[in-house]
Amino acid sequence: GIVEVNFFTNSVVVLDEMLKASNVELVDFHKKLGGRMVQSVIAGETSAVDASIEAANNAKQIVGENNVKVAVTISNPHPEVIKLLNLICDN
């Protein structure tokens, strides 16, 4: 699953809600623009990732509707997507 959130502090709040919602693992937490935009990548069983993504969407009530930009599950990602995520995570 991938979540993009405005502002570092909001992203920590959203990530906390996601990790509490189900048994998922944080794969990457990548800051851009000095923490103005943060992407989190989580992994786990599809049902667990779905529950975490739902928690991220519910966290909009805490951090503001416009601050959670993207929250999606990518079920069984193509190997090229995994390579792309590895490239992003390494930079």
Side-chain angles (χ1 to χ4, degrees):
I2 301 173
V3 178
E4 190 169 76
V5 179
N6 281 340
F7 308 113
F8 178 79
T9 306
N10 288 341
S11 66
V12 172
V13 171
V14 172
L15 181 61
D16 182 60
E17 294 293 317
M18 292 169 62
L19 294 174
K20 288 177 180 175
S22 66
N23 186 22
V24 293
E25 192 175 304
L26 177 63
V27 175
D28 187 48
F29 190 80
H30 189 72
K31 297 185 294 181
K32 293 195 175 240
L33 305 172
R36 177 154 166 40
M37 185 65 65
V38 180
Q39 294 96 26
S40 300
V41 180
I42 59 167
E45 293 187 21
T46 302
S47 59
V49 173
D50 285 341
S52 286
I53 295 299
E54 183 178 339
N57 284 313
N58 291 338
K60 291 178 182 180
Q61 298 172 10
I62 301 169
V63 299
E65 285 287 323
N66 295 326
N67 286 319
V68 177
K69 297 298 186 181
V70 177
V72 296
T73 300
I74 301 175
S75 300
N76 193 24
H78 188 278
E80 293 297 318
V81 173
I82 293 171
K83 278 182 14 184
L84 174 66
L85 289 172
N86 287 336
L87 287 174
I88 292 170
C89 296
D90 290 340
N91 291 327

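Both backbone and side-chain heavy atoms feed into the values below; hydrogens, waters and symmetry mates do not.
Put simply, V3 and V13 are part of the same group of oily side chains (I, L, V, M, F, W, Y) that touch within less than 4.5 Å, one to the next. Under a hydrophobic clustering in which Ile, Leu, Val, Met, Phe, Trp and Tyr are joined whenever their side-chain heavy atoms come within less than 4.5 Å, directly or via other members, V41 and M37 fall into different clusters. There is a path of hydrophobic side-chain contacts, each under 4.5 Å, that joins V70 to I2. Hydrophobic clustering (side-chain heavy atoms under 4.5 Å, transitive across Ile, Leu, Val, Met, Phe, Trp, Tyr) groups V14 together with V24. Clustering ILVMFWY residues whenever any of their side-chain heavy atoms sit less than 4.5 angstrom apart, transitively, puts I42 in the very cluster that holds V12.
Counting non-hydrogen atoms of neighbouring residues, nucleotides and ligands closer than 6.0 angstrom, the CG atom of D16 exceeds 12 such neighbours.
Proximity of H30 to V38: side-chain heavy atoms (C-beta onward) are nowhere separated by under 4.5 Å. Counting only heavy atoms from C-beta outward, the side chains of I53 and V72 never approach each other to under 4.5 Å.
The NZ atom of K69 sits 13.5 Å away from atom OG of S11, with the distance rounded to the nearest 0.5 Å.
Contact detail for D28 and L26: the closest heavy-atom pair is O-CD1, 3.2 Å. Residue M18 comes nearest to S52 through the heavy atom pair O-OG, 2.9 Å, listed as atom of the first residue, atom of the second, then distance. Across A56 and A71, no two heavy atoms sit closer than the pair CB-CB, 4.2 Å.
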Exercise answer: donor-acceptor pairs, residues 58-67 side-chain atoms, under 3.5 Å, sequence neighbours excluded:
from : atom 1 : to  : atom 2 : distance (Å)
N58  : ND2    : E54 : O      : 3.4
N67  : ND2    : V63 : O      : 2.6

